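Everything below concerns the one structure shown next.
Quick caveat, the model's predicted, so the values are computed rather than measured. Note: hydrogens, waters and symmetry copies are ignored here, and every other heavy atom, side chains too, is used.
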Amino acid sequence: MKDGQMFGITNGVITMLSLMTGLKATKVDKVGIIGAILAMIIADPLSDAYSIYFAEKQNDNKDAYEVSKKAFLSQFMLQFIFLLIILSTPDINKGIQYSYIFGILITIVYGHKLGISTEEIMKNLAWIVGLVFVTYVSDMAVYSHYK
């Protein structure tokens, strides 16, 4: 993996937006959403960085520690910002909307910073939207079936 930060950013955006969307679709309140985000901030960046480290180590990458550290830090900081957005917004619906805007903007800005083509950035955004949509539809179906 060439750039752990790009992994951390992309994975963090997808994880947080999908998590919030799924929780909102199943009518979880703000406290539940905050609790789930905190759990993700603790577990997700650590488990991803740990997996990246060992995968890179098996490929004899001498920079395995640095790559995994960058992935951890970028994903942790990004997910922490999503938490701050939710905490600072009194209305959970607005907080989730602001999170979508932030997720889209950080994907575009960071992609341009790395010199990724606009076409590739649009593909990344399409994947993000697609995954969030699948999360929403499947969680709505679960909610409808089990409510």
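- With rounding to the nearest 0.5 angstrom, the CZ atom of F76 is 14.0 Å from the CG atom of D48.
- Summarising the geometry of P90 relative to S88, their closest heavy-atom pair is CD-O, 3.6 Å, with the distance given to 0.1 Å.
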Residues Q79, I37; criterion side chain to side chain contact (heavy atoms under 4.5 Å, CB included); working and verdict:
CA-CA 8 Å; Q79 291 179 348; I37 291 171; 5.8 Å; no
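- How far CG of D44 is from CG of N11: 5.5 Å, rounded to the nearest 0.5 Å.
- Between D139 and T21, the closest side-chain pair of non-hydrogen atoms is not below 4.5 Å.
- In terms of modelled atom types and a separation under 3.5 Å, the side chain of D63 and the main chain of E66 share no donor-acceptor contact.
- The two atoms that bring S138 and V134 nearest to each other are OG-O, 2.7 Å, heavy atoms only.
- With S117 contributing its side chain and E120 its backbone, the two residues share a donor-acceptor pair below 3.5 Å.
- Residues Y65 and F72 do not share a hydrophobic cluster, defined by chaining ILVMFWY side chains whose heavy atoms lie under 4.5 Å apart.
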Applying side chain to side chain contact (heavy atoms under 4.5 Å, CB included), run through L19 and M16 and close with a yes or a no.
CA-CA 5 Å; L19 177 70; M16 286 290 107; 4.0 Å; yes
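- Between the NZ atom of K57 and the CD1 atom of I52 there is a distance of 15.0 Å, given to the nearest 0.5 Å.
- There is no path of hydrophobic side-chain contacts, each under 4.5 Å, that joins I42 to L73.
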Using ring-ring contact (aromatic ring centres under 6.0 Å, His included), reason through F102 and Y98 one step at a time and then give a plain yes or no.
CA-CA 6 Å; F102 173 71; Y98 296 151; over 10 Å; no
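- In this structure, the side chain of K30 engages the main chain of T89 through a donor-acceptor pair within 3.5 Å.
- Taken together through direct or relayed side-chain contacts under 4.5 Å among Ile, Leu, Val, Met, Phe, Trp and Tyr, L46 and I81 form part of one hydrophobic cluster.
- Look at K123 and E119 and you find a salt bridge, because one of the NZ, NE, NH1 or NH2 atoms lies within 4.0 Å of a carboxylate O, short of that distance.
- The two residues I106 and L78 make their nearest non-hydrogen contact at CG2-CD1, 4.0 Å.
- T15 places no side-chain N or O within donor-acceptor distance of the main-chain N or O of G12, the cut-off being under 3.5 Å.
- For the atom pair I14 CD1 and N124 CG, the distance stands at 7.5 Å (nearest 0.5 Å).
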Test T107 against T10 for side chain to side chain contact (heavy atoms under 4.5 Å, CB included), laying out the working first.
CA-CA 7 Å; T107 302; T10 304; 5.9 Å; no
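- V132 and V137 fall into different hydrophobic clusters, where Ile, Leu, Val, Met, Phe, Trp and Tyr side chains are chained together by heavy-atom contacts under 4.5 Å.
- Atoms CD and OG, on Q75 and S47 in that order, are 7.5 Å from each other to the nearest 0.5 Å.
- Hydrophobic cluster membership differs between V109 and V13, with clusters built from Ile, Leu, Val, Met, Phe, Trp and Tyr side chains linked at under 4.5 angstrom.
- In terms of heavy atoms, S18 sits closest to T135 at O-CG2, 3.2 Å.
- Taking every heavy atom of both residues into account, S68 and A49 meet most closely at CB-O, 3.3 Å.
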So T118 and H112, side chain to side chain contact (heavy atoms under 4.5 Å, CB included) or not? Walk me through it.
CA-CA 8 Å; T118 302; H112 282 299; 3.6 Å; yes
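- The CD1 atom of I86 sits 10.0 Å away from atom CG of L23, with the distance rounded to the nearest 0.5 Å.
- Under a cut-off of 6.0 angstrom, the local environment of OH in Y136 is sparse, with at most 12 non-hydrogen atoms contributed by other residues, nucleotides or ligands.
- The neighbour count for Y100 OH, taken as heavy atoms of other residues, nucleotides or ligands under 6.0 Å away, is above 12.
- Formation of a donor-acceptor pair under 3.5 Å by the D91 side chain with backbone atoms of N93 is found in this model.
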